[in-house]
Number of protein chains: 2
Amino acid sequence: MPNTTSEAREQVLNVAEQLFMERGYSAVRLKDIADALNIKQASLYYHFPQGKEELYVEVLRHSLRRHAAGIQAALAQAPAGDWLAQLEAVASWLLSQPPVDKMSTVQHDLPEIHPETVHMLDEESFAALFVPILGIFAAAQASGQIELEDPDLVAGMFLGMINNLHMVKAEWNPRSKHQMAEMLIRLLARGLEPRPA
Amino acid sequence: MPNTTSEAREQVLNVAEQLFMERGYSAVRLKDIADALNIKQASLYYHFPQGKEELYVEVLRHSLRRHAAGIQAALAQAPAGDWLAQLEAVASWLLSQPPVDKMSTVQHDLPEIHPETVHMLDEESFAALFVPILGIFAAAQASGQIELEDPDLVAGMFLGMINNLHMVKAEWNPRSKHQMAEMLIRLLARGLEPRPA
DNA sequence: GTCTATACGCTGATAGAC
DNA sequence: GTCTATCAGCGTATAGAC
């Protein structure tokens, strides 16, 4: 019975995720994925009978599920109420993973995908990525630790900012991505500090 | 004599830029570009005899030249020494243009392009986009208006931040991109404010 | 400058053996 | 689960007329 969880299928998803995320949907050939797995292109159809599009969508869902769990875990491990530590924990998780550029992915690649599917992915990525981040800022604001006009905007910027770090080549900046994330978060924190009227 | 500046060629570049920037190199078919111009696919080879890759590279160079000029113009028009106004002017320019995601473009699409060409584009985008922004921050820092540890990092973040705004769908956030840019810049400015030890 | 016609390689996909 | 064999369709590119 295909289409269920299995060792081999999992491997396909992981390898495919790597490739799709770094090159985008249309630039990745099924042969590339098969080669990376040392199997033949046609063998992929055992796991994903509907072909490339199904594989891609499953990759995205797989990735989003992992991110939802990873971000929750990062938050659980960070001191409750410490929004700065929480942001850093989430950033650290995001940097440990292949890039998940919600927007870039969704807008570059998904024109080629069925619109209903796109909508579903939109909602899943919203729940997995955006909502938890937004929660951090909202809580910090509610407790008066920060002042911000538009939590949605800042949450989106945060995600984008961290994601951009994935693309910074080592030659551009000598620091590690984690160091850069930390500096940017510190900068953000300064900007959000409450201040006397 | 092809390969030179001409009305038709310019049109091709503009239409192709739009498509390449929103879908990425491999997802755009020469037929898509031709259709948008109401000409036939093969006709593109009159202007770009080397084919798709040449067209793409010329699109990028064309775009970078326009950005270099546009950013300079934006800076010239902003009050000298007013780094905030300068950032806003640059942001406004960038938002008026099709996206130029230096990094996303360079890393998604350019695997399929000759490496030497990639290097050249790297340098051109560095000079056209990064250097002017960096200049703003460096000058502001030199004159003591801001305090920042890593100007390169902040300049890169600024570019990425503005570019991300291109992908924010209207349903996500009711504000205009310019409003969002203004808010983000204000936030950044707060974070960079010098403060007493 | 743009067209028609066409060649050709590549890619996604199917069928069926092991 | 993975393989070989095969194919239809698409996308790039070329040749040459207008």
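Order of the sequence lines sets the chain letters (A, B, ...), proteins ahead of strands, with each chain counted from 1.
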From the options C:dT11, C:dA13, C:dT2, select the nucleotide whose nearest atom is closest to the side chain of A:R29. C:dT11
Could you state the NZ-C1' distance from B:K40 to D:dT12, rounded to the nearest angstrom? 17 Å
Closest to the A:Y45 side chain: C:dA13, D:dC3, D:dT14? C:dA13
Can you measure from CG (A:L87) to CZ (A:F158) and round to the nearest 0.5 angstrom? 4.5 Å
Send over the distance from A:L30 CG to C:dT11 C1', rounded to a whole Å. 8 Å
Nucleotide of C:dC3, D:dT2, D:dA5 approaching B:I39 most closely (side-chain heavy atoms): C:dC3
Any cation-pi pair here, B:K52 with B:Y25, using under 6.0 Å and within 45°? yes
Partners meeting salt bridge (Lys or Arg N to Asp or Glu O under 4.0 Å) with B:E88 (sequence neighbours left out): none
Check the distance between D:dT12's P and B:F48's CZ and give it to me in whole angstrom. 15 Å
Could you tell me how far apart B:Q41 (CD) and C:dT2 (P) are, to the nearest whole angstrom? 14 Å
Calculate the interatomic distance between A:D35 atom CG and D:dC3 atom P; express it in whole Å. 11 Å
To the side chain of B:K52, which of C:dG1, D:dT12, C:dT4 is closest? D:dT12
Could you state the CD1-P distance from A:I33 to D:dG1, rounded to the nearest angstrom? 18 Å
Could you state the NE2-C1' distance from A:H47 to D:dT2, rounded to the nearest angstrom? 8 Å
It should be established whether B:S43 places a side-chain nitrogen or oxygen under 4.0 Å from OP1 or OP2 of nucleotide C:dC3. yes
Sequence neighbours left out, what passes salt bridge (Lys or Arg N to Asp or Glu O under 4.0 Å) with A:R29? Give chain and number order. none
Between C:dT4 (P) and B:Y46 (OH): distance, integer Å: 18 Å
For B:H178, does the NE2 atom have more than 12 heavy-atom neighbours from other residues, nucleotides or ligands under 6.0 Å away? yes
Quick check on contacts: within residues 11-20 of chain B, what sits under 4.0 Å from DNA chain C by heavy-atom distance? none
